[in-house]
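Report on one structure; see the data block that follows.
Counting begins at 1 with the first residue of the sequence.
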Amino acid sequence: MQRLDKVLANMGFGSRKEVKKLIKCGAVEIDDAVVTGAEIKVDPEKQAIKVNGSVISYRKYVYLMMNKPKGVITATEDTRSTTVLDLIDEEHLNFSPSPVGRLDKDTEGLLILTNDGGMNHGLTSPRKNIDKVYLAEVAGRVSMKDVELFRKGITLKDGYKALPADLEILEEAAISRVNITVREGKYHQVKRMFEAVDKKVVYLKRLSMGNLNLDEALMPGEYRELTDQEVERLRSLI
């Protein structure tokens with residue numbers, strides 16, 4: 001059971017304050033009876049809720065794909081920096097979504113946000129070893145020797161041995177371009193792996209997570225809801 005004003009706010013009918021006004025003016029019915037108390041508890045999955053005479057279709061969860069831009073932190077709130085939630089519209093903020101995993105402040109690309117705690121936990125669980133693919137630009141020539149070292153599982157400078165990673169050289173130059181697939185999400189994972197072979201990541205963008213690819217139509221800072229098919233594909237990973 002949930003408060004009526006919270007249910008309607010989650011469904012995009014306005015802020016909690018706006019929803020309370022909507023209820024008070026008699027625009028809301030529960031099982032064909034007009035209600036005027038915002039604090040009334042309802043079961044939106046079993047009871048019929050009407051707003052202005054139209055039955056609303058309730059949903060519990062929201063699933064979002066964002067192309068995270070540089071300079072934005074992966075957090076739900078921060079007093080000094082812009083967070084990914086600052087880029088979300090109110091209609092989706094009402095669901096209280098959280099980032100699935102983290103991207104560094106200067107890293108771009110695919111970020112999933114959801115209020116589905118089970119999915120969030122499943123996708124970030126170390127036991128799942130879900131592939132995450134990044135495009136990286138690296139100061140220094142990345143060679144086949146590096147490919148082999150990453151494939152075996154490189155030891156970071158703090159002594160931690162990372163899981164095997166796939167390194168694909170796209171361009172070998174003073175600034176090399178590579179795709180790297182990792183299966184864990186340690187702090188500054190990709191950057192630290194290249195530091196272990198005396199190279200420096202100068203640009204990083206996440207392209208995919210498991211079987212979900214970044215929608216390249218999304219400009220940095222833009223987001224969209226996942227399709228039902230995309231959500232089901234993610235569920236298959238957990």
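When all heavy atoms of Val202 and Ala139 are compared, the pair lying nearest together is CG1-CB, 4.2 Å. In terms of heavy atoms, Val84 sits closest to Ala75 at CG2-O, 3.8 Å. Of all non-hydrogen atoms in Val7 and Val42, the two that sit nearest each other are CG2-CG2, 4.1 Å. Contact detail for Lys128 and Gly122: the closest heavy-atom pair is CG-O, 3.2 Å. Heavy atoms only, all atoms of each residue included: Arg235 and Met119 are closest at CG-CE, 3.6 Å. Nearest heavy atom pair, residue Thr74 against residue Lys68, reads OG1-CE, 3.7 Å.
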Requested in this report: Kindly indicate, with the supporting measurements, whether the criterion side chain to side chain contact (heavy atoms under 4.5 Å, CB included) is fulfilled by Leu111 and Arg206.
Outcome: CA-CA 8 Å; Leu111 182 68; Arg206 183 153 69 189; 3.8 Å; yes
Report task. Run the numbers on Glu230 and Arg224 for salt bridge (charged side-chain N to carboxylate O under 4.0 Å, His left out), then give the verdict. Result -> CA-CA 12 Å; Glu230 288 170 333; Arg224 65 165 173 80; 2.9 Å; yes
Query raised in the report: Stepwise, does the ring pair (Phe, Tyr, Trp, His ring centres under 6.0 Å) test hold for Phe150 with Phe194?
Result: CA-CA 9 Å; Phe150 277 54; Phe194 279 103; 5.0 Å; yes
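Counting heavy atoms from C-beta outward, Asp166 and Arg183 have side chains that approach closer than 4.5 Å. Inter-residue side-chain proximity for Leu234 and Leu226 is flagged as met; some heavy-atom pair is nearer than 4.5 Å. Taking the side chain as every heavy atom from C-beta outward, Leu207 and Asn213 never approach each other to under 4.5 Å. Using a 4.5 Å cut-off on side-chain heavy atoms (C-beta onward), Leu85 and Pro97 make contact. Side chains of Leu156 and Met193 form a contact here, defined as non-hydrogen atoms less than 4.5 Å apart. Within the 4.5 Å cutoff, the side chain of Val100 has heavy atoms near those of the Met209 side chain. By the 4.5 Å heavy-atom criterion applied to side chains, Met66 and Glu222 are not counted as neighbours. Side-chain contact between Asp86 and Glu77 is absent, with no heavy-atom pair separated by less than 4.5 Å.
A salt bridge does not link Glu171 with Arg141: none of the charged nitrogens is closer than 4.0 Å to a carboxylate oxygen. At a threshold of 4.0 Å, the pair Lys205-Glu216 counts as salt-bridged, since one of the basic side-chain nitrogens sits closer than that to a carboxylate oxygen. Salt bridge status for Glu225 with Arg59: present, with a side-chain N to carboxylate O gap under 4.0 Å. Comment: Asp5 does not engage Lys17 in a salt bridge, judged by the lack of any side-chain N to carboxylate O separation of less than 4.0 angstrom. A salt bridge links Asp106 and Lys191; the closest N-O separation between the charged side-chain nitrogens and carboxylate oxygens is under 4.0 Å. A salt bridge is absent between Glu148 and Lys145: the closest approach of a Lys/Arg side-chain nitrogen to an acidic carboxylate oxygen does not fall below 4.0 angstrom. A salt bridge does not link Asp116 with Lys60: none of the charged nitrogens is closer than 4.0 Å to a carboxylate oxygen.
Other residues, nucleotides and ligands contribute at most 12 non-hydrogen atoms within 6.0 Å of the NZ atom of Lys46.
Aromatic ring pairs are classed by plane angle as parallel below 30°, tilted from 30° to 60° and perpendicular above 60°; the pair Tyr223 and His92 is perpendicular.
A donor-acceptor pair under 3.5 Å is formed between the side chain of Glu18 and the backbone N or O of Ser15. Under the 3.5 Å distance criterion, the side-chain polar atoms of Arg177 are left unmatched by any main-chain donor or acceptor of Leu170. Under a 3.5 Å cut-off, the side chain of Asn179 and the backbone N or O of Glu168 do not form any donor-acceptor pair. For Asp89 (side chain) and Glu91 (main-chain N/O), no donor-acceptor pair under 3.5 Å exists by modelled atom type. For the pair Asp131 (side chain) and Gly210 (backbone), a donor-acceptor distance under 3.5 Å is absent. Proximity of a side-chain donor or acceptor of Asn120 to a complementary backbone N or O of Pro99 within less than 3.5 Å is detected. At least one donor-acceptor pair closer than 3.5 Å links the side chain of Gln189 to the backbone N or O of Lys186. Remark: the backbone N or O of Thr107 is not paired with any side-chain donor or acceptor of Asp104 at under 3.5 angstrom. Judged by distance alone, with hydrogens and angles left aside, the side-chain atoms of Lys200 form no donor-acceptor pair with the main-chain N or O of Val138 at under 3.5 Å.
Under the 3.5 Å distance criterion, with hydrogens and angles disregarded, no donor-acceptor pair is assigned to the side chains of Tyr134 and Glu108. Remark: the Asp31 side chain and the Gln47 side chain contain an N/O donor-acceptor pair separated by less than 3.5 Å.
Note: the hydrophobic cluster containing Tyr61 does not contain Leu93 (ILVMFWY, side chain heavy atoms under 4.5 Å, direct or indirect links).
The residue from Lys152, Lys199, Arg151 that alone fulfils the salt bridge (charged side-chain N to carboxylate O under 4.0 Å, His left out) condition with Asp146 is Lys199.
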